[in-house]
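Numbers restart at 1 for each chain; the letters A, B, ... are given by sequence-line order, proteins then strands.
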Protein chains: 4
Amino acid sequence: MVISINDASEIPIYQQIRNQIVLGISDGRLAPGEQLPTVRALAEEIGINSMTVSKAYTLLKQEGYIYTDRRSGARVRQEFETNKELSEKSQELLRQIISEAKVSGMTQTEFFDLCKRIYKG
Amino acid sequence: MVISINDASEIPIYQQIRNQIVLGISDGRLAPGEQLPTVRALAEEIGINSMTVSKAYTLLKQEGYIYTDRRSGARVRQEFETNKELSEKSQELLRQIISEAKVSGMTQTEFFDLCKRIYKG
Amino acid sequence: MVISINDASEIPIYQQIRNQIVLGISDGRLAPGEQLPTVRALAEEIGINSMTVSKAYTLLKQEGYIYTDRRSGARVRQEFETNKELSEKSQELLRQIISEAKVSGMTQTEFFDLCKRIYKG
Amino acid sequence: MVISINDASEIPIYQQIRNQIVLGISDGRLAPGEQLPTVRALAEEIGINSMTVSKAYTLLKQEGYIYTDRRSGARVRQEFETNKELSEKSQELLRQIISEAKVSGMTQTEFFDLCKRIYKG
DNA sequence: GTGGTCTAGACCACC
DNA sequence: GTGGTCTAGACCACG
């Protein structure tokens, strides 16, 4: 899986890495148990400091998306908690996005169409 | 409309103000053309630096939610561009949120149920 | 509150800081809402890099013990989730400790006496 | 006695082995004088490097839980020093755990109930 | 080989 | 002023 960084973005690099890996897991490009690139390899690949990649992996670990096996590095978790819930943070963001959709004149149906396109990937 | 700040939030204060005003517009608590409090008044009311409020108003103006009138200060826009589109930033956020929903085991239907509750709310 | 680091310990410095702050909160030396030393001040005081202190604060934030107010730095949380539960990690540790107590010949009563002394503190 | 390794754990593998053997001794699954599997046998059984098992056995020997006999390999100690004391390390850990229990709102009684369940279990 | 930790110094957003 | 982020380099524990 290719990870690309947008230097101009206001989103911190470690967050961008985290986001893209979560995306990869959600759409199947990263399979459960699959090994992620090593911290050093990924750092070199995208031309950043390895501490930054390490921070991204630490965050993903804390969130339960990956784990680190001492023998083989970082891997995608085998089983996720399918609690069918969004974090409070994400719910708050969703609330904001929907408010913006409403102001822009989007109907609920139109909003759902947009979501469906994203869901399909 | 009451604006409340969460000191513990990682969202910058000026963003929180901006977000709450957009929410207010979307759910009708702020009517088109309605006058917003002055920068100084709002700053005093919520006990923050007026520079911060000013930053929020500037952002809202840039995004087209409000306009400033020399005589009467800031007012909610009369008519919004009903372009039925989300900003790129919001679309990207929505993509992230949906990816997290998928990993958490939420089906599209369940996600839509959540959205509907927010739409109504 | 004085924080002292044991360089010889195998426990990472950022963990030692985290541990001592949790101890301080639990025994009342750190009051709810109280401001912690700034990252830089604490780093200088104990003669370490500020990144290390920052890491400790980030961890404490994630665990919900403190929050950072953009205006005044890091503060002890006002209200804790009184879920009356230990983390899985701590429960596992407790299990280990109790097994060691048993092998050393400690009875349950003697173990409780030890705990009581610690509780009083 | 079956020893199982958690790849996702942050606890080093040699520590996990050591912990489980101490647990086995404390709850009687390992009798005094009982012979432990050879380093190589255990390493093969759980699919890890034999150096790791060796490290666990060395640690257990240092702590006085087992001894090695040239003829018959590693055995559980016959008689333990019933000094009724925890190691400094464990006492420090217990102090940490209790501080977390206090912050989580657990009373001393509730903490003791948890301990009792572990003692029995 | 791997990730984890730490340093010394820098820049940035927010307020 | 604050914390947050990032770099370039180093050392360590683990396996």
Side-chain angles (χ1 to χ4, degrees), chain A residues 5 7 9-17 35-44 46-61 66-75, chain B residues 5 7 9-17 43 46-56, chain C residues 5 7 9-17 35-44 46-61 66-75, chain D residues 5 7 9-17 43 46-56:
Chain A
I5 296 306
D7 289 323
S9 169
E10 62 184 351
I11 303 170
I13 296 177
Y14 79 90
Q15 266 285 354
Q16 292 187 43
I17 297 173
Q35 188 176 342
L36 295 173
T38 68
V39 168
R40 288 168 179 80
L42 185 51
E44 204 173 332
I46 53 188
I48 59 167
N49 190 286
S50 60
M51 273 291 292
T52 308
V53 177
S54 181
K55 196 166 176 180
Y57 280 17
T58 301
L59 181 56
L60 284 160
K61 226 171 76 173
I66 68 172
Y67 67 93
T68 49
D69 179 326
R70 274 201 176 65
R71 288 166 294 183
S72 59
R75 291 183 174 279
Chain B
I5 296 306
D7 290 333
S9 171
E10 63 181 355
I11 302 171
I13 296 177
Y14 79 91
Q15 266 283 354
Q16 292 188 45
I17 297 172
I46 51 187
I48 59 169
N49 194 306
S50 59
M51 281 294 293
T52 308
V53 178
S54 177
K55 197 165 174 179
Chain C
I5 297 305
D7 290 323
S9 170
E10 62 183 352
I11 303 171
I13 296 177
Y14 79 90
Q15 266 285 353
Q16 293 187 43
I17 297 173
Q35 187 175 341
L36 296 173
T38 69
V39 169
R40 288 168 178 79
L42 185 51
E44 205 173 331
I46 53 187
I48 59 167
N49 190 286
S50 60
M51 273 292 292
T52 307
V53 178
S54 179
K55 197 166 176 178
Y57 279 18
T58 301
L59 181 56
L60 284 160
K61 225 171 76 172
I66 68 172
Y67 67 93
T68 49
D69 179 325
R70 277 201 175 66
R71 288 166 294 183
S72 59
R75 292 184 172 280
Chain D
I5 296 305
D7 290 333
S9 172
E10 63 182 355
I11 302 170
I13 295 177
Y14 79 92
Q15 266 283 355
Q16 292 188 45
I17 297 172
I46 50 186
I48 60 169
N49 194 306
S50 59
M51 280 294 292
T52 308
V53 178
S54 176
K55 198 164 174 179

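No more than 12 heavy atoms of other residues, nucleotides or ligands shown are found within 6.0 angstrom of CD on B/E10.
Heavy-atom nearest nucleotides on DNA chain F were determined for C/Y57 and for A/I13, and the one closer to the 5' end corresponds to C/Y57. Summary of the strand contacts: D/I11 and C/S54 both lie near DNA chain F, and taking for each the nucleotide with the nearest heavy atom, the more 5' one is attributed to C/S54.
If you measure from atom OH of C/Y67 to atom P of E/dC14, you get 20 Å, rounded to the nearest angstrom. If you measure from atom CD of B/E10 to atom P of E/dA13, you get 17 Å, rounded to the nearest angstrom. A/Q15 has its CD atom 8 Å from the P atom of F/dT5, to the nearest Å. Put simply, CD1 on B/I5 is 13 Å from C1' on E/dC14, counting in whole angstrom units. Rounded to a whole Å, the CD1 atom of C/I66 is 15 Å from the P atom of F/dT2. Distance A/E44 CD to F/dT7 C1': 15 Å, rounded to the nearest Å. Regarding D/D7, its CG atom lies at a distance of 17 Å from the P atom of E/dT2, rounded to whole Å. Between the CG atom of A/N49 and the C1' atom of E/dA8 there is a distance of 13 Å, rounded to whole Å.
The shortest distance between side-chain heavy atoms of A/L42 and A/L36 does not fall below 4.5 Å. Put simply, the side chain of D/I17 reaches to within 4.5 Å of the side chain of D/I48, judged on heavy atoms.
In this structure a side-chain-to-backbone donor-acceptor pair under 3.5 Å is present from A/Q16 to A/I11.
Contacts of D/S9 classified as side chain to side chain donor-acceptor pair (under 3.5 Å), with partners at least two apart in sequence or in another chain: none. Taking B/N49 as the reference, nothing meets the side chain to side chain donor-acceptor pair (under 3.5 Å) condition, with sequence neighbours excluded. Applying the side chain to side chain donor-acceptor pair (under 3.5 Å) test to A/Q15 and every residue at least two apart in sequence or in another chain returns nothing. Taking C/S72 as the reference, C/R75 meet the side chain to side chain donor-acceptor pair (under 3.5 Å) condition, with sequence neighbours excluded.
Side-chain nitrogen and oxygen atoms of C/K61 include none within less than 4.0 Å of the OP1 or OP2 phosphate oxygen of F/dG3.
The nucleotide whose nearest atom lies closest to any side-chain atom of C/T52 is, among E/dT7, F/dG4, F/dG15, E/dT7. Nearest to the side chain of A/T38, among E/dG3, F/dC6, F/dG3, sits E/dG3. The side chain of C/T58 approaches F/dG4 more closely than any other nucleotide in the set E/dG3, F/dG4, F/dT7.
Among the protein residues, D/I48 comes within range of no part of the nucleic acid, since none of its heavy atoms lies under 4.0 Å from any strand.
In this structure, the separation between CG on B/D7 and CG on C/D69 is 4.5 Å, given to the nearest 0.5 Å. B/I5 contributes atom CD1, which lies 11.0 Å from atom CZ of C/R70 (distance to the nearest 0.5 angstrom).
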Could you pull out the protein-nucleic contacts involving nucleotides 10-13 of chain F (nitrogen or oxygen on both sides, under 3.5 Å)?
none

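Between its opening and closing five pairs, the helix from E/dG1-F/dC14 to E/dC14-F/dG1 changes axis direction by 30°, a value rounded to 10 degrees.
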